[in-house]
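Structure, as structure tokens:
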Amino acid sequence: MDTVSFAEDTAKTALKKGCDKAEVFIKTAKRLSVEAKDNAVEALESSRDFGMALKVIKKQRLGFAFTTSPDRIADIINDALQGADWTAPDEYVDIPDFRPASEVLVIDENIKNTKEDDIIKNALLLEKAALDFDTKIKKVRAAEIAIATAKTTIVNSKGINISYESGYITASVSALASDGQDNQMGWDFAISRRLSDVDFILIARSASKKAIDLLGAKKISAVKVPVILDSSVASEFLDILSASLSAEAVQKKRSFLAGKAGKKIMSPLVNIIDDGIMPWGTGTKPVDDEGVPAMKKTIVSGGMLQGFIHNTYTANKEGVMSTGNASRKSFKGLPNIEITNLYIEPRMRQGSGVRSESTCLPDRQAHTETEKGKDLIKSVSKGLLILEAMGVHTANPVSGDFSIGISGLWIEGGKIVYPVKEAVMSGNILELFKRIEGVGHDLRFYGKIGTPSLLIGQMDISA
């Protein structure tokens with residue numbers, strides 16, 4: 001269907017029926033996923049979706065409705081208008097003005113043209129590569145590849161009229177290693193908007209290596225030592241922090257960063273960027289889900305908090321411009337606020353006079369097993385490289401306090417000496433970021449979140 005004409009007609013009809021402003025959001029999507037197990041297809045799932053949402057503003061009152069059927073347009077217009085009659089006036093409710101969209105690519109023709117047989121072949125390859133890595137790998141619990149494409153259309157009565165295609169591929173694998181006395185799991189994952197950025201063999205080997213590295217893990221006594229967060233673990237902490245960067249969370253007093261804009265909140269080594277126009281980033285889009293152009297923003301510079309991310313509503317409340325961070329979890333709801341491509345800027349490689357822009361791209365180079373915080377490990381006389389963390393999502397979103405299970409590798413004299421299991425690390429997320437004493441150059445993205453390895457000063461580790 002011609003979603004643009006469809007959206008234009010819907011907005012015009014809504015205006016004729018009595019609203020002052022109208023915004024139409026349409027998303028069509030298709031997804032195919034394959035799971036391989038025992039050298040065969042364990043599961044194959046395919047889906048196609050259509051969703052349409054209508055937001056109307058009538059005398060500063062908000063109305064909203066959605067449908068999964070193109071035949072119900074008259075109904076959702078009436079539902080939205082009636083909804084506006086029952087809501088309270090809100091001076092900050094609005095739709096954004098037109099601004100030219102950012103020019104970025106978010107659809108890879110190779111992803112768009114991938115066939116079912118190709119996905120099956122790569123899922124089987126993912127499983128085989130994990131098993132072939134070492135004889136200690138006894139089983140692959142899950143080897144899954146998914147590919148998805150979508151078309152997003154946004155039209156509003158202030159002149160925004162855009163439609164764009166997007167796509168992505170994901171790959172994940174879990175491998176079980178055994179030495180006859182101990183069993184350990186290793187996992188790895190990749191997601192990209194570009195097929196060529198995903199190396200299935202490298203992902204499989206990384207998962208297998210993690211499992212083998214943890215074989216024979218020991219328990220340790222309670223200690224207070226420096227820790228290195230592997231990029232995968234660091235990304236989980238940055239993900240928790242990202243929720244507090246939302247202006248909505250700040251305005252609702254649900255952010256531990258409230259009142260800290262313009263203040264030093266982290267180590268001076270830390271720069272955090274939210275880049276909605278990063279080439280081929282998972283969170284890259286020409287516009288956000290309200291039609292505001294995506295952009296690149298420095299959130300933390302030299303440890304100082306520069307500001308927060310906004311959608312149209314929170315920006316109106318603060319008297320600022322939207323930062324292009326409106327995001328819908330689904331067409332069934334109004335936009336919230338979400339990061340685009342959020343990452344901690346990696347440091348320069350030794351001997352390099354300038355930072356390479358390519359180090360900030362979510363590409364294959366950032367996913368090499370040999371990087372893994374090597375330089376940081378050499379700098380630690382006694383400490384722990386954390387490879388896995390369990391329960392980071394349980395950190396208190398308001399206070400930032402956490403207590404999580406961890407496993408990893410014990411370091412002495414700048415070298416790995418043995419694996420560690422069943423330890424617990426406690427602390428506070430903001431304090432953890434203040435204690436950063438080293439930033440690696442091994443930036444890697446996990447979805448929309450990217451970090452290099454991080455060296456953290458003294459942390460409490462208990463058995």
Side-chain angles (χ1 to χ4, degrees), residues 90 92 224 227 229 232-268 270-274 283 288 297-320 322-323 325-330 333-344 386 388-406 424-436 446-451 454 456-462:
D90 187 335
Y92 304 116
K224 190 166 187 175
V227 300
L229 304 183
S232 62
V233 178
S235 71
E236 293 186 67
F237 280 102
L238 183 57
D239 190 23
I240 296 296
L241 179 75
S242 71
S244 288
L245 297 174
S246 160
E248 181 180 23
V250 172
Q251 291 169 4
K252 291 182 177 180
K253 311 298 182 187
R254 294 200 307 250
S255 168
F256 52 76
L257 296 177
K260 291 184 167 61
K263 297 180 180 179
K264 208 93 163 179
I265 61 166
M266 296 181 186
S267 161
V270 179
N271 298 316
I272 298 179
I273 314 295
D274 184 54
D288 71 3
K297 306 156 292 280
T298 298
I299 307 297
V300 174
S301 178
M304 183 176 290
L305 179 63
Q306 303 298 303
F308 300 99
I309 55 177
H310 288 272
N311 62 12
T312 298
Y313 183 85
T314 62
N316 286 346
K317 214 167 184 180
E318 293 292 321
V320 297
S322 169
T323 58
N325 287 90
S327 178
R328 300 175 190 252
K329 295 190 186 307
S330 161
L334 290 164
N336 294 310
I337 298 174
E338 193 173 307
I339 58 162
T340 56
N341 300 295
L342 187 77
Y343 65 93
I344 294 176
I386 301 176
E388 291 186 357
M390 289 70 75
V392 178
H393 66 281
T394 63
N396 188 308
V398 177
S399 69
D401 293 336
F402 66 86
S403 181
I404 59 173
I406 57 172
V424 174
M425 182 171 72
S426 302
N428 177 274
I429 290 177
L430 208 50
E431 285 300 315
L432 181 146
F433 279 94
K434 286 179 181 178
R435 293 181 186 178
I436 292 175
Y446 296 83
K448 296 179 180 180
I449 301 280
T451 70
L454 302 175
I456 314 296
Q458 306 286 319
M459 293 294 294
D460 290 314
I461 309 294
S462 58

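Remember, it's a predicted structure, so these values are computed and weren't measured experimentally.
In this structure, Ser322 and Asp288 approach most closely via the heavy-atom pair OG-OD2, 4.1 Å. Here the closest heavy-atom approach between residue Ile339 and residue Ser242 is recorded as CG2-CB, 3.9 Å. Taking each heavy atom of Gly302 and Lys264 in turn, the nearest pair found is O-NZ, 3.0 Å. Taking every heavy atom of both residues into account, Ile299 and Gly307 meet most closely at CG2-O, 3.8 Å. Summarising the geometry of Ile265 relative to Lys434, their closest heavy-atom pair is O-CG, 3.2 Å, with the distance given to 0.1 Å. Of all non-hydrogen atoms in Ala389 and Ile404, the two that sit nearest each other are CB-CD1, 3.9 Å.
Side-chain contact check for Asp401 and Asn428: at least one donor-acceptor pair (N or O, by modelled atom type) lies under 3.5 Å. In this structure, a donor-acceptor pair under 3.5 Å is absent between the side chains of Tyr446 and Asp239.
Every salt bridge (charged side-chain N to carboxylate O under 4.0 Å, His left out) that Glu338 has, sequence neighbours left out, goes to Lys448. A search for salt bridge (charged side-chain N to carboxylate O under 4.0 Å, His left out) contacts involving Glu236 returns nothing, not counting sequence neighbours. For Arg435, there are no salt bridge (charged side-chain N to carboxylate O under 4.0 Å, His left out) partners at least two apart in sequence or on another chain. Applying the side chain to side chain contact (heavy atoms under 4.5 Å, CB included) test to Ile273 and every residue at least two apart in sequence or in another chain returns Asp275, Lys296, Thr298, Tyr343. By the side chain to side chain donor-acceptor pair (under 3.5 Å) test, Ser403 pairs with Ser426, sequence neighbours left out.
Looking only at distances, a side-chain donor or acceptor of Ser246 sits under 3.5 Å from a matching main-chain atom of Ala249. Side-chain N or O atoms of Asn336 include none that pairs as donor or acceptor with a backbone N or O of Ser327 at under 3.5 Å. For the pair Asn325 (side chain) and Asn311 (backbone), a donor-acceptor distance under 3.5 Å is absent.
Atoms CD1 and CD1, from Ile309 and Ile337 in turn, are 6.5 Å apart once rounded to the nearest 0.5 Å. Rounded to the nearest 0.5 angstrom, Asn396 CG and Ile429 CD1 are separated by 9.0 Å. Distance check, rounded to the nearest 0.5 Å: OG of Ser232 to CD1 of Ile449 gives 13.0 Å. Separation of atoms CG (Leu454) and OG (Ser267) is listed at 9.5 Å; rounding is to 0.5 Å. Between atom CG of residue Leu342 and atom CG of residue Asp274 there is a gap of 5.5 Å, rounded to the nearest 0.5 Å. For the atom pair CG (Leu432) and CD1 (Ile240), the distance works out to 12.0 Å, reported to the nearest 0.5 Å.
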Residues His310, Asn316; criterion side chain to side chain contact (heavy atoms under 4.5 Å, CB included); working and verdict = CA-CA 9 Å; His310 288 272; Asn316 286 346; over 6 Å; no

Show your working on side chain to side chain contact (heavy atoms under 4.5 Å, CB included) between Asn271 and Val300 and close with a plain yes or no.
-> CA-CA 5 Å; Asn271 298 316; Val300 174; 5.8 Å; no

Test Ile344 against Leu238 for side chain to side chain contact (heavy atoms under 4.5 Å, CB included), laying out the working first.
-> CA-CA 8 Å; Ile344 294 176; Leu238 183 57; 4.0 Å; yes

Could you check Phe237 against Phe402 for ring-ring contact (aromatic ring centres under 6.0 Å, His included), going step by step and ending with a plain yes or no?
-> CA-CA 10 Å; Phe237 280 102; Phe402 66 86; 5.1 Å; yes

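At a threshold of 4.5 Å between non-hydrogen side-chain atoms, the residues Val227 and Met425 count as touching. Put simply, the side chain of Leu241 reaches to within 4.5 Å of the side chain of Met266, judged on heavy atoms.
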Extract all donor-acceptor atom pairs below 3.5 Å that involve side chains of residues 250-257 and protein atoms in other chains or at least two apart in sequence.
| unit_1 | atom_1 | unit_2 | atom_2 | d |
| --- | --- | --- | --- | --- |
| Gln251 | NE2 | Thr314 | O | 3.2 |
| Gln251 | NE2 | Glu318 | OE2 | 3.2 |
| Lys252 | NZ | Glu248 | OE2 | 3.1 |
| Ser255 | OG | Ser244 | O | 2.8 |
| Ser255 | OG | Leu257 | N | 3.0 |

